[in-house]
Amino acid sequence: MSATRSQVIKFYGFAYNVRMSRWLLVFLLAAVSFLALAADRPGDAIIAEIEAMKWPHWDATKEKDKVYRATYMKAASEHTKKKNALILNLYQVDPAHPRVPELMILRWDQFESGTIVDGANYEKRVLADIDSILSKNPAPKIVEAGEYARAVKRLDRMQNFHEDPSEIALKFAASYPRGQYT
């Protein structure tokens, strides 16, 4: 049984259309994927705002001027508060953003700016914030960052000497043997 010329042309035309449809589908999927990757993540705008922040300029020639120092400390405190608020906002808006763990550590490291009169209460506030974040079952990288910040805060208060610093470090390292901060 031999196929007529018109049947062969129809078959190859159909096959050609199927092949072209596949290529068109592949192209469309690639284009959609590219556009999805190229679209800004919700946190990228917040990251840009954080990175655009500039620390207040310190004029060393005025360091003995009490009014200047007070003004500078107030500006530094406001800078830190705004940056920490942006970092927390980033965590809330885009918790999976790859920069969140490092920025949360920065937030906990400079939790409050200015003169810290009562170090023990300051530490309690930082640890309470860490506990608050970790109580919401965040991603493992955030948990590791929080536990790292907690260990650092505990090491910061070593003036009390009621804990062995190596014990704190070893406990963290044992909990995160392949972690980013060990």
Which heavy-atom pair separates [X] from [Y] by the least distance, and what is that distance?
X    : Y    : result
V93  : P42  : CG1-CB, 3.7 Å
A145 : P101 : CB-O, 3.8 Å
A76  : W55  : CB-CZ2, 3.5 Å
A149 : I130 : CB-CD1, 3.8 Å

Indicate the ring-plane relationship of Y148 and Y181, choosing parallel, tilted or perpendicular according to the 30° and 60° boundaries.
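Aromatic pair Y148/Y181 classed parallel.
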Quick check for you: to the nearest 0.5 Å, what is the distance between [X] atom [atom1] and [Y] atom [atom2]?
X   : Y    : atom1 : atom2 : result
M53 : T80  : CE    : OG1   : 7.5 Å
L88 : L103 : CG    : CG    : 11.5 Å
M73 : K66  : CE    : NZ    : 15.0 Å
K62 : R69  : NZ    : CZ    : 13.5 Å
D44 : H97  : CG    : NE2   : 4.0 Å
N84 : N89  : CG    : CG    : 12.5 Å

With heavy-atom distances below 4.5 Å as the criterion, would you say the side chains of [X] and [Y] are in contact?
X    : Y    : result
F111 : E123 : no
I142 : Y91  : yes
R150 : L134 : yes
L90  : V100 : yes
L106 : Q110 : yes
E63  : W58  : yes

Look at the side chain of [X] and the backbone N and O of [Y], then say whether any donor-acceptor pair between them is shorter than 3.5 Å.
X   : Y   : result
E49 : L86 : no
Y68 : D59 : yes
T71 : V67 : yes

Whether K141 and E144 form a salt bridge (side-chain N of Lys/Arg under 4.0 Å from carboxylate O of Asp/Glu) is what I want to check.
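No, no charged N to carboxylate O under 4.0 Å.
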Applying side chain to side chain contact (heavy atoms under 4.5 Å, CB included) to R99 and I50, what does each step give before you reach the verdict?
CA-CA 11 Å; R99 299 270 319 269; I50 290 169; 6.0 Å; no
Table please: side-chain donor-acceptor pairs of residues 168-176 below 3.5 Å, with sequence neighbours left out.
unit_1 : atom_1 : unit_2 : atom_2 : d
S175   : OG     : K171   : O      : 3.1

Report the C-alpha distance between I133 and W108 in whole Å, list the side-chain angles of each, state the deciding distance to 0.1 Å, and finish with yes or no for side chain to side chain contact (heavy atoms under 4.5 Å, CB included).
CA-CA 11 Å; I133 297 295; W108 289 318; 3.9 Å; yes
Quick one: list whatever passes side chain to side chain contact (heavy atoms under 4.5 Å, CB included) with A128, sequence neighbours left out.
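None.
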